[in-house]
Student: 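Please read through the structure below; I'll follow up with questions.
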Amino acid sequence: LEWDDLDWLINKCNSCKEVGAEAGMRIDMKHDGQELFGTAIKGVTANLAEIEDKTISEGRFLMDHEVERASMVCVIGMDLREKFFPGLDPIGRTINIRGLPMTVVGVEEKRGSMFGQSLDNHAYIPLTSYGRIFGRQQSLNLHGKAHSRETFEPTIEEARIAMRNRH
């Protein structure tokens, strides 16, 4: 899916409470002589925290204006916080992603691991910043949220129909 598909779904899915997007890749991170391998860099819309019910333990999540302006900010997972900022407050500090300085505005609550893979080795950056750094040609994953559990299935169906009509 592409960037235009996000706008299409936002405008065509009337029963969707939220529609957002994510693109991602893994890179090795370095900061002050420390290394963390296979960090997931996720370019996201600001509403992803609402869509996925994310809990931010320090600071805040990304804001709409930061996505609109392709701001150089990030929300880090607990692995990055513990590896790069032990005993320090990471909020307002800088890490480099692909050689570009990103200001830490938040830390996601520790999530643990699944099937031996850490769920905390990641950084969220604005989707527009991600596009500038890694290129806009990458495929997007669209995410949505229904107004309630009862409307979940009909909302998914409406979104599927909207995307089938587009493609």
Student: Once rounded to the nearest 0.5 Å, what's the spacing between atom CG of Leu142 and atom CG of Leu6?
Tutor: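 Reported to 0.5 Å precision, the distance equals 6.0 Å.
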
Student: Same cluster or not: Ile133 versus Met25, using hydrophobic residues (I, L, V, M, F, W, Y) connected whenever any side-chain heavy atoms lie under 4.5 Å apart?
Tutor: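 Yes, one cluster joins them.
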
Student: Any link between Met102 and Ile41 through a network of hydrophobic side chains (Ile, Leu, Val, Met, Phe, Trp, Tyr) touching at under 4.5 Å?
Tutor: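 Yes, because Met102 and Ile41 connect within a single hydrophobic cluster, where side-chain heavy atoms sit under 4.5 Å apart.
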
Student: Assess, by modelled atom type and distance only, whether the side chains of Asn47 and Glu18 contain a donor and an acceptor separated by less than 3.5 Å.
Tutor: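 There is such a pair between these side chains.
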
Student: Linking I/L/V/M/F/W/Y whenever any side-chain heavy atoms sit under 4.5 Å apart, do Val107 and Val105 land together?
Tutor: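 No, it is not one cluster - the side chains of Val107 and Val105 are not joined through contacts under 4.5 Å.
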
Student: State plainly whether the residues Glu58 and Arg81 are in salt-bridge range, i.e. N to O under 4.0 Å.
Tutor: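 So Glu58 pairs with Arg81 through a salt bridge.
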
Student: How would you list, by chain and number, every residue that makes a ring-ring contact (aromatic ring centres under 6.0 Å, His included) with His147, sequence neighbours excluded?
Tutor: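 Once residues adjacent in sequence are excluded, His147 has no partner under the ring-ring contact (aromatic ring centres under 6.0 Å, His included) criterion.
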
Student: Using 0.5 Å steps for rounding, measure from the CD1 atom of Ile125 to the OG1 atom of Thr103.
Tutor: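 Answer for the CD1-OG1 pair, Ile125 versus Thr103, is 12.5 Å.
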
Student: Let me check something: any side-chain donor-acceptor pairs from residues 89-96 under 3.5 Å, sequence neighbours excluded? List them with distances.
Tutor:
| residue | atom | partner | partner atom | Å |
| --- | --- | --- | --- | --- |
| Asp89 | OD1 | Ile91 | N | 3.1 |
| Arg93 | NE | Asp89 | O | 2.8 |

Student: Quick one: name the residues clustered hydrophobically with Phe152, using the 4.5 Å side-chain heavy-atom rule over I, L, V, M, F, W, Y, and just say none if it's on its own.
Tutor: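 ILVMFWY cluster around Phe152 also holds Ile156.
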
Student: So which pairs with a foot in residues 33-57 pass ring-ring contact (aromatic ring centres under 6.0 Å, His included), sequence neighbours left out?
Tutor: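 Qualifying pairs: none.
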
Student: Taking atom CG of Leu9 and atom CZ of Arg160, what is their separation to the nearest 0.5 Å?
Tutor: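 Output value for this atom pair is 12.0 Å.
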
Student: Tell me, which pairs form a ring-ring contact (aromatic ring centres under 6.0 Å, His included) where one or both residues lie in residues 39-64, sequence neighbours left out?
Tutor: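 Counting only pairs at least two positions apart or across chains, the ring-ring contact (aromatic ring centres under 6.0 Å, His included) contacts touching residues 39-64 are Phe61-Tyr124.
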
Student: Which heavy-atom pair separates Ala162 from Lys12 by the least distance, and what is that distance?
Tutor: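 That closest heavy-atom pairing would be CB-CB, 3.9 Å.
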
Student: Can you pull out every salt bridge (charged side-chain N to carboxylate O under 4.0 Å, His left out) where at least one residue sits in residues 59-70? Sequence neighbours excluded, please.
Tutor: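 Sorted result for residues 59-70: Arg60-Glu66.
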
Student: Holding to side-chain contact (heavy atoms from CB on, under 4.5 Å), I want the full list of residues that pass it with Thr155, two or more places apart in sequence or in another chain.
Tutor: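 Expected list: Cys13, Ser15, Cys16, Ala146, Thr151.
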
Student: Is it the case that the side chain of Asp120 and the backbone of Lys110 share a donor-acceptor pair, with hydrogens and angles ignored and the cut-off at 3.5 Å?
Tutor: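 No.
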
Student: Which residues satisfy the ring-ring contact (aromatic ring centres under 6.0 Å, His included) test with His143, sequence neighbours excluded?
Tutor: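 Applying ring-ring contact (aromatic ring centres under 6.0 Å, His included) to His143 gives none.
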
Student: Determine whether a donor-acceptor pair (N or O, by modelled atom type, separation under 3.5 Å) exists between the side chain of Asn121 and the backbone of Asp79.
Tutor: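 No, because the side chain of Asn121 does not come within donor-acceptor range (under 3.5 Å) of the backbone of Asp79.
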
Student: Return the minimal non-hydrogen interatomic distance between Thr45 and Gly20, and the atom names on each side.
Tutor: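 In terms of heavy atoms, the two residues are closest at OG1-CA, 3.2 Å.
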
Student: When rounded to the nearest 0.5 angstrom, what distance separates CG in Leu36 from NE2 in His122?
Tutor: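 Going from the CG atom of Leu36 to the NE2 atom of His122 covers 11.5 Å.
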
Student: Can you find a heavy atom in the side chain of His167 that is under 4.5 Å from one in the side chain of Leu1?
Tutor: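 A side-chain contact under 4.5 Å exists here.
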
Student: How long is the span from the CE atom in Met29 to the CD atom in Glu35, to the nearest 0.5 Å?
Tutor: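 Nearest 0.5 Å value for the CE-CD distance: 11.5 Å.
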
Student: Can you name the residues that form a side-chain contact (heavy atoms from CB on, under 4.5 Å) with Leu119, not counting sequence neighbours?
Tutor: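 Checked Leu119 against side-chain contact (heavy atoms from CB on, under 4.5 Å); matches are Arg111, Met114.
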
Student: Determine, stepwise, if the pair Leu48 / Lys145 fulfils side chain to side chain contact (heavy atoms under 4.5 Å, CB included).
Tutor: CA-CA 10 Å; Leu48 196 72; Lys145 186 170 187 170; over 6 Å; no

Student: Quick one: do Asp7 and Asp5 satisfy side chain to side chain contact (heavy atoms under 4.5 Å, CB included)? Show the steps, please.
Tutor: CA-CA 5 Å; Asp7 292 331; Asp5 293 319; over 6 Å; no

Student: Would a distance-only check, ignoring hydrogens and angles, find a side-chain to backbone donor-acceptor pair under 3.5 Å from Ser129 to Ser71?
Tutor: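 Between the backbone of Ser71 and the side chain of Ser129 there is a qualifying donor-acceptor contact (under 3.5 Å).
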
Student: List the atom of Met72, the atom of Pro101, and the distance in Å for their closest heavy-atom pair.
Tutor: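 Shortest heavy-atom contact: CB-O, 3.5 Å.
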
Student: With rounding to the nearest 0.5 Å, note down the distance linking CE in Met163 to CD in Glu158.
Tutor: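 Going from CE on Met163 over to CD on Glu158, the span is 12.5 Å.
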
Student: Taking a hydrophobic cluster as the set of Ile, Leu, Val, Met, Phe, Trp and Tyr residues connected by side-chain heavy atoms closer than 4.5 Å, whether directly or through intermediates, do Met78 and Leu80 fall within one such cluster?
Tutor: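 Yes: a chain of side-chain contacts under 4.5 Å links Met78 to Leu80.
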
Student: Are Pro126 and Val44 side-chain neighbours, meaning at least one heavy-atom pair lies under 4.5 Å?
Tutor: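 No - every pair of side-chain heavy atoms lies 4.5 Å or more apart.
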
Student: State, to 0.1 Å, how close Tyr130 and Ala23 come at their nearest heavy-atom pair, and which atoms those are.
Tutor: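 Shortest heavy-atom separation between Tyr130 and Ala23 comes out as CE2-CB, 3.6 Å.
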
Student: Does this structure show an ion pair linking Glu50 with Lys17, if we count only N-O contacts that are shorter than 4.0 Å?
Tutor: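 Yes, this pair counts.
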
Student: Looking only at atom types and distance, does a side-chain atom of Thr128 sit under 3.5 Å from a main-chain N or O of Val67, one as donor and one as acceptor?
Tutor: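 Yes: the side chain of Thr128 pairs with the backbone of Val67.
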
Student: Restricting to pairs with a member in residues 79-109, which pass ring-ring contact (aromatic ring centres under 6.0 Å, His included), not counting sequence neighbours?
Tutor: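 Passing the test, one end in residues 79-109: His31-Phe84, His31-Phe85.
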
Student: Taking side-chain contact (heavy atoms from CB on, under 4.5 Å) as the test, write out the residues that go with Arg149, two or more places apart.
Tutor: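 side-chain contact (heavy atoms from CB on, under 4.5 Å) list for Arg149, sorted by chain: empty.
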
Student: If the condition is side-chain contact (heavy atoms from CB on, under 4.5 Å), which residues does Pro86 pass it with, not counting sequence neighbours?
Tutor: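 Per chain and number, Pro86 pairs via side-chain contact (heavy atoms from CB on, under 4.5 Å) with no residue.
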
Student: Of all heavy-atom pairs between Glu108 and Val75, which one has the smallest distance, and what is that distance?
Tutor: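 Heavy atoms of Glu108 and Val75 come nearest at N-CG1, 4.1 Å.
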
Student: Looking only at heavy atoms, which two atoms of Gly106 and Ile56 are closest? And how far apart?
Tutor: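 So the two residues come closest at CA-CG2, 4.5 Å.
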
